[in-house]
Amino acid sequence: MNKIPFVTKKQVEEITKTYPTPFHIYDEKGIRENVAALQEAFSWNPGYREFFAVKATPNPFLIDILREYGCGCDCSSLTELMLSDAIGIKGPDIMFSSNDTPAEEFVLADRLGATINLDDISHIPFLEETLGHLPKTLSCRYNPGGKFALGTDIMDNPGDAKYGFTTQQMFEGFRIMRQKGVEHFGIHAFLASNTVTNAYYPTLARQLFELAVKLQQETGAHIAFINLSGGIGIPYRPDQEPNDIRVIGDNVRKVYEEVLQPAGMGDVAIYTELGRFMMGPYGHLVTKVIHEKHTHKEYVGVDACAVNLMRPAMYGAYHHITVLGKEEQPCDHLYDVTGSLCENNDKFAIDRMLPKVETGDYLVIHDTGAHGFSMGYNYNGKLKSAELLLREDGSVKLIRRAERPQDYFATLDGFDIYHKMFPQEGE
Ligand SMILES: *Cc1c(COP(=O)(O)O)cnc(C)c1O
């Protein structure tokens with residue numbers, strides 16, 4: 001499949017008159033169409049709810065769009081809870097799916113009335129001690145161990161993952177919580193990441209539904225919801241076939257009708273905590289070519305770096321690149337596309353065929369809408385970029401300004417050096 005940017009060269013030239021590169025830009029139209037399709041795909045389940053994984057794209061303007069379609073927030077830290085609360089997503093509209101959780105985060109989650117999803121059996125007494133009570137509704141994250149496979153394809157390795165309760169701990173934990181007065185239970189699992197196949201959710205659902213039936217039968221616990229969490233992936237590579245959310249929703253329905261309904265559990269709500277699927281394809285990192293270097297290899301140097309998008313440096317992840325205005329030209333030149341960090345892994349692409357690139361060209365780095373900006377950091381004192389929203393009417397709205405040097409030095413406030421640099425702000 002040809003990956004076509006949602007902005008043209010002409011649009012970018014216009015935008016950069018106000019907002020210099022690099023920046024992340026998000027496509028409102030794409031976000032809306034996708035979330036509407038998701039809601040439709042699971043509309044067979046009356047309790048269905050998507051809790052957007054805030055860590056993927058923690059921008060209130062974007063989360064607000066999802067909220068219009070009934071989405072809540074999935075949080076896993078203090079500041080993610082604070083952000084959700086501040087934008088008016090409250091109480092059971094928040095799912096708190098954390099791990100290795102500090103006590104203060106449980107306190108805030110409980111105060112906000114969030115649904116707490118426990119990562120470990122030891123968190124039951126920890127939570128009770130921290131809060132002085134247990135909430136009436138609690139969820140547990142499940143990790144069956146071993147490998148997660150679809151047929152003969154191994155998708156991921158839960159046995160190596162730090163998350164979740166073992167099968168035996170699920171039964172023990174549910175019994176303990178029932179004794180302690182918990183009334184409604186949830187089951188959560190995230191067993192494979194970025195799955196580009198329609199089979200992941202239905203396969204996971206069968207595993208969780210069968211577990212839910214046993215848990216209810218053996219412990220008497222009322223299972224209120226089953227949370228399929230994240231993991232539905234996106235086609236980062238042009239040759240990948242995108243997931244079809246309608247097929248996924250329909251196949252989860254079939255398993256629901258096959259496993260849960262006959263067990264008298266036709267009232268269980270299905271929850272999801274998608275991040276990548278909700279936003280990934282609807283973000284671009286737009287960057288400008290500032291250098292061409294010809295040494296042992298051919299290098300294209302851009303004004304963004306791994307601070308703006310660390311997935312290639314961190315995981316060797318593929319992100320497709322389009323040279324704006326050269327969409328129709330043949331990809332007959334071999335390049336490494338680099339940022340400016342003093343780190344040789346600061347490369348957005350290695351040995352990538354592109355059209356002939358020249359200084360001043362704008363590159364679109366695709367699929368940066370999730371786990372893109374949000375993974376940013378400040379190595380080499382590099383500053384995080386702005387985030388822009390391309391509205392449906394074609395206008396552009398600034399939804400986060402770029403960092404300034406003041407922001408980078410702000411935690412030195414109170415030290416002489418900060419006041420020397422920014423005397424006017426030091427009072
Ligand atoms: C990261 C995460 C998600 C979202 O994962 P995606 O791959 O972006 O869909 C959901 N739930 C939890 C608990 C997570 O840690």
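In listed order, ligands and their atoms are each counted from 1. Numbering of residues begins at 1 and proceeds along the displayed sequence.
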Original post:
Are there more than 12 heavy atoms of other residues, nucleotides or ligands under 6.0 Å from atom CE of Met353?
Top reply: yes
Subject >> SB check Asp64 Arg67 (cutoff 4.0 Å) >> reply: yes
Pairs under 3.5 Å, nitrogen or oxygen of ligand 1 with protein nitrogen or oxygen:
from: ligand 1; atom 1: 8 (O); to: Arg276; atom 2: N; distance (Å): 2.7
from: ligand 1; atom 1: 8 (O); to: His371; atom 2: NE2; distance (Å): 2.7
from: ligand 1; atom 1: 9 (O); to: Gly231; atom 2: N; distance (Å): 3.1
from: ligand 1; atom 1: 9 (O); to: Gly275; atom 2: N; distance (Å): 3.1
from: ligand 1; atom 1: 11 (N); to: Asp74; atom 2: OD2; distance (Å): 3.1
from: ligand 1; atom 1: 11 (N); to: Ser229; atom 2: OG; distance (Å): 3.2
from: ligand 1; atom 1: 11 (N); to: Glu273; atom 2: OE1; distance (Å): 2.7
from: ligand 1; atom 1: 15 (O); to: Lys55; atom 2: NZ; distance (Å): 2.6

Original post:
Would you call Lys382 and Ser340 a side-chain contact if the rule is heavy atoms closer than 4.5 Å?
Top reply: yes
Original post:
Is the charged tip of Arg404 near the ring of Tyr408: under 6.0 Å from the six-membered ring centre and within 45° of its axis?
Top reply: no
Original post:
Given the side-chain rings of His366 and His284, with only the six-membered ring counted for Trp, is the space between their centroids under 6.0 Å?
Top reply: yes
**OP:** Decide whether a cation-pi geometry holds between Arg141 and Tyr163; the criteria are a distance under 6.0 Å from NZ or CZ to the six-membered ring centre and an angle within 45° of the ring axis.
**Re:** yes
